[in-house]
Amino acid sequence: DKELKNIERYLDKLRIKERDQDDRKIFAEVLDKRTLITLYKLSKKYIQALGGVVSTGKEANVFYADGLVDGEEMPLAVKIYRIETSEFHKMEDYLFGDKRFDMKKISKKTIIYIWAEKEFRNLQKAYQEGVNVPRPVHYLKNILLMEFLGEDEIPSPSLFDLRKNLADFVNPKDLLEEILENVERLVVSAELVHADLSEYNILLHNGKPYFIDMGQAVLLDHPNSISFLERDLKNISRFFEKFGLKFDAGEFLSELMNK
Ligand SMILES: N#C/C(=C\c1ccncc1)C(=O)NCc1ccccc1
């Protein structure tokens, strides 16, 4: 129909690497016209070619792209929040406690746009303070551009992907220590709590732990920041128990609170 015709026209302009028809189908399926127009605007400045799907979820999809940032070629992760997402009620809970955003009566679309801006600003703050996160590049409406963590368009594995094989790549004790150092820097220097930290949102890239999915991260002065931090630390503690590593989340938390 006319709508699909339009979408096809924008897809042609997007210089999608014709790896396979599936990717094109995905774009046509997951991207509404409004998002395609935003992607087209971003592609003129930052994207040389769009690649395949990196991860898909209820609230967002991440694609690979050959990027061009400050004249440098740079692999990019293109994170696109669905505007028709079903998860936006969850987003509301996090946003209503965040003083950075004035949450008067606003539309679903605006909540998604605020969420993408929030993830970008969280990434910026964390990156500036030296926390291992993908380098944020740009955001526009419901789309985020950031450094792609991976090789040859294949994303680096999460700790969940690796599970027990983790020990074949790194020393679990060293990894745990480096994760806790990054949590400490995130809290003490960037004054942020990830609030959804677990083995699913930590990628092992070049042997180092990187935190991704920072959309729900909250400032320390958010009413629930400490309970979110405790939950993050308990998730980490639970994952590393399987390597015989013990660390007391409560103890680490109280030490952190005195820094
Ligand atoms: N940003 C980002 C992400 C990955 C990534 C990979 C490689 N390099 C940079 C980022 C990410 O949020 N993944 C989680 C996710 C996204 C969408 C739906 C479900 C789950």
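Note that ligands are numbered from 1 as they come in the structure, with each ligand's atoms numbered from 1 the same way.
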Tell me which pairs pass salt bridge (charged side-chain N to carboxylate O under 4.0 Å, His left out) where either residue lies in residues 222-236, with sequence neighbours left out. Glu230-Lys234

Please identify which atoms of ligand 1 are closer than 4.0 Å to at least one heavy atom of [X].
| X | answer |
| --- | --- |
| Met146 | 1 (N) |
| Thr56 | 18 (C), 19 (C) |
| Ser55 | 13 (N), 15 (C), 16 (C), 17 (C) |
| Glu147 | 8 (N), 9 (C) |
| Gly57 | 18 (C), 19 (C) |

Backbone or side chain, does any N or O of Leu149 fall under 3.5 Å from an N or O of ligand 1?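 N/O-N/O distance below 3.5 Å exists for this pair.
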
Shared-cluster residues of Tyr200, by chain and number - hydrophobic side chains joined below 4.5 Å: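 Besides Tyr200, the hydrophobic cluster comprises Phe160, listed by chain and residue number.
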
Cation-pi check for Tyr46 against Lys41: NZ or CZ below 6.0 Å from the six-membered ring centre and within 45 degrees of the axis, yes or no?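 Pair Lys41/Tyr46 does not count as cation-pi.
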
Please work out whether the ring planes of Phe247 and Phe252 are parallel, tilted or perpendicular, with thresholds of 30° and 60°. perpendicular

Between Phe120 and Tyr139, how do the two ring planes meet: parallel, tilted or perpendicular, split at 30° and 60°? tilted

Among all protein non-hydrogen atoms, which one is nearest to [atom], and what is the separation to 0.1 Å?
| atom | answer |
| --- | --- |
| atom 10 (C) of ligand 1 | Ala77 CB, 3.9 Å |
| atom 12 (O) of ligand 1 | Lys79 NZ, 2.8 Å |
| atom 17 (C) of ligand 1 | Ala60 O, 3.4 Å |
| atom 14 (C) of ligand 1 | Asp213 OD2, 3.6 Å |
| atom 11 (C) of ligand 1 | Ile212 CD1, 3.7 Å |

Between Glu177 and Lys173, is the closest basic N to carboxylate O distance under 4.0 Å? yes

Examine distances only and state if a side-chain atom of Asp98 and a backbone atom of Leu95 form a donor-acceptor pair shorter than 3.5 Å.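 Flag not set: sc Asp98 to bb Leu95 has no pair under 3.5 Å.
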
Heavy-atom closest pair, residues Gln48 and Gly67: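 Scanning both residues completely, I find the closest heavy atoms to be OE1-O, 3.7 Å.
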
